[in-house]
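Inspection log for the structure reproduced underneath, given as structure tokens.
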Amino acid sequence: MSDDKYSKYELVIGLEVHAQLSTKSKMYCGDSTEFGASPNTQVSPLSLGHPGTLPRVNKAAVAAAVKIGLAMDGEIREVNEFARKNYFYADLPKGYQITQDKTPICTNGFLKFEVNGEEKTVRIHRIHMEEDAGKSTHDLDPFFTLVDLNRAGVPLVEIVTEPDIRSSDEAYQYLTEVRKLVRFLEICDGNLEEGSMRCDANISIRKVGETILNTRVEVKNMNSIRNVKRAIEAEFIRQVDLVEEGGVVVQETRGFDANTGKTLGQRSKEFAHDYRYFPEPDLPPVVITDAYIQDVRANMPKLPKQLISEYVNHFGLPLYDATVITDDKDLAFYFNDLLKLTSNYKAASNWVLGPVKSFLNENGLEISQFVLKPQALADLIALIDSGKTNFSVASQKIFPEMIVAPAKSPLQIAEELNLLQNSDEGMIKELVAQVLSSMPAKVEEYKAGKKGLMGLFVGEVMKASKGKADPKVTNKLLNELLEN
Ligand code: ADP
Ligand code: MG
């Protein structure tokens with residue numbers, strides 16, 4: 001009965017993502033953006049908006065915004081104006097933020113992805129450029145709030161969806177896709193934990209079947225994609241409970257407490273229009289031509305959806321392999337290099353998703369820290385394909401040794417460890433014949449239908465060959481001899 005009340009409602013969610021752009025300098029001045037510098041050392045009078053200083057627009061930030069706009073299939077605006085969004089806050093020394101108001105650089109994009117086996121499309125309402133505020137720390141000093149203005153003026157893009165998201169799973173997947181895109185484009189490191197990607201979730205509920213938009217709550221302060229999901233789930237329960245008890249949802253900003261898993265009211269936001277936006281008088285509009293857009297597009301790397309389609313359609317790989325490989329840009333690019341060096345594409349994917357990934361996971365490494373170059377793996381695949389070794393020997397014995405001695409070729413290692421297998425049919429045939437004649441009773445049983453004995457025969461031949469008989473050839477010859 002009490003569970004039932006939740007199934008009457010559905011979630012309506014719109015997400016606002018702020019992605020900190022990894023440019024060398026700030027959005028409207030040349031101050032460094034390098035992370036980790038001592039507080040307030042990357043702060044010129046421009047960052048502080050002192051009288052007489054004039055902002056100018058960071059070209060690299062514009063290029064980054066165009067890239068993400070194109071990656072989300074949006075329309076790029078030609079004439080981009082900037083606006084002042086006024087509010088007073090300790091970490092906003094100018095007293096206003098320079099942002100885009102009426103003319104966001106991108107509109108009408110969308111992102112398609114899969115959630116629980118179904119395709120989902122989320123429309124992108126707008127993407128605009130702006131600058132970050134400084135950072136206030138409230139818990140370091142017992143009496144004072146500490147302000148670090150190094151971050152003031154760092155470029156951001158804000159990506160705002162339409163209220164198209166219907167569940168916490170969809171929100172989770174949307175954010176995963178956005179993070180993947182900014183990482184592929186190398187415009188942002190996509191780290192929610194460190195705050196370089198931040199998400200505000202606008203959440204409302206309505207009765208299933210309704211199309212109206214009800215009053216929403218905006219939840220902030222989630223430092224992981226998982227916590228965004230948790231916050232949405234908590235907010236759903238809270239709003240349904242409230243409405244079912246006859247209450248009303250009020251428009252407000254709430255924070256998420258990861259320890260309790262609950263959202264907490266912070267400030268009500270009945271009137272959102274108190275920013276007194278006006279055109280930034282010190283910046284001329286940035287004009288983006290078609291030629292510029294083409295140029296940016298030409299310099300974009302292949303994105304996950306393109307790569308997945310190539311892996312599946314051109315290289316004949318399973319969708320699953322293609323999807324997992326493209327989860328990580330560096331892994332995908334490593335794999336692209338490997339594909340150029342082997343024609344056994346499925347083996348390449350098996351190696352990358354199998355032994356390589358396991359090794360990286362077990363050792364807490366990224367593919368960029370992996371000692372073996374794609375060529376070494378290609379050589380190993382070729383060694384198996386030539387019949388000189390097999391996958392299990394290669395993955396259990398040769399591969400670990402290659403990691404220890406990356407200068408040696410797989411062939412050299414196989415020779416040194418005496419691991420080269422024999423695929424000489426004449427020699428193996430003799431061993432097969434010997435083994436079969438040494439166990440006539442088993443052979444009879446096999447012929448009478450006990451096919452499981454094949455494993456025993458293979459094992460015996462292996463033993464007789466000291467592990468060197470090519471298992472494929474062994475199997476083939478055993479089958480031939482047992483048929484007679
Ligand atoms: P604001 O400028 O006040 O933040 P916007 O209209 O730009 O408001 O909307 C911000 C975000 O809230 C967008 O992602 C939008 O999709 C989402 N949103 C708007 N209305 C609702 C609603 N009723 N429920 C959930 N999300 C909503
Ligand atoms: Mg908002």
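In listed order, ligands and their atoms are each counted from 1. What's counted below: heavy atoms across the whole structure, side chains too, no hydrogens, waters or symmetry copies. For the single chain, residues carry numbers from 1 onward in sequence order.
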Does a donor on one side chain sit under 3.5 Å from an acceptor on the other, for [X] and [Y]?
X	Y	value
H128	E130	yes
N80	R77	no
N350	Y345	no

Quiz item: Do any nitrogen or oxygen atoms of T215 lie less than 3.5 angstrom from nitrogen or oxygen atoms of ligand 1?
Solution: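 Checking ligand 1 against T215, no N or O pair falls under 3.5 Å apart.
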Using a plain distance cutoff, I'd like to know if L213 has any nitrogen or oxygen under 3.5 Å from a nitrogen or oxygen of ligand 1.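 There is no such contact.
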Could you measure the distance from the CD1 atom of I212 to the OG atom of S204? Nearest 0.5 Å is fine.
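Those atoms lie 9.0 Å apart.
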Approximate separation, where rounding is to 0.5 Å, of D164 CG and T121 OG1
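Taking CG in D164 and OG1 in T121, the distance rounds to 8.5 Å.
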Using a strict cut-off of 4.0 Å, indicate which atoms of ligand 1 neighbour a heavy atom of [X].
X	result
S204	22 (C), 23 (N), 24 (N), 25 (C)
P163	16 (O), 26 (N), 27 (C)
N214	22 (C), 23 (N)
L15	14 (O)
V12	24 (N), 25 (C)
G14	14 (O), 16 (O), 17 (C), 26 (N)

Contacts of type ring pair (Phe, Tyr, Trp, His ring centres under 6.0 Å), residue F399, not counting sequence neighbours: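 Counting only residues at least two positions away or on another chain, F399 forms a ring pair (Phe, Tyr, Trp, His ring centres under 6.0 Å) with W351.
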Note: D164, heavy atoms under 4.0 Å from ligand 1, region reported as neither
Logged contact type for V160 with ligand 1, heavy-atom cut-off 4.0 Å, is side chain
Under 6.0 Å between the ring centres of Y275 and Y96?
-> no
- Query: Does E162 come within less than 4.0 Å of ligand 1, judged by its heavy atoms?
  - Reply: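 Judged by the 4.0 Å heavy-atom criterion, E162 does count as contacting ligand 1.
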For E10, which residues count as a side chain to side chain donor-acceptor pair (under 3.5 Å) partner, sequence neighbours excluded?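 With neighbours one apart ignored, the set is R206.
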Open item on the list: Out of E16, H125, R126, R216, who is nearest to atom 9 (O) of ligand 1 when you count heavy atoms only?
Closed with: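 Of the listed residues, R216 has the closest heavy atom.
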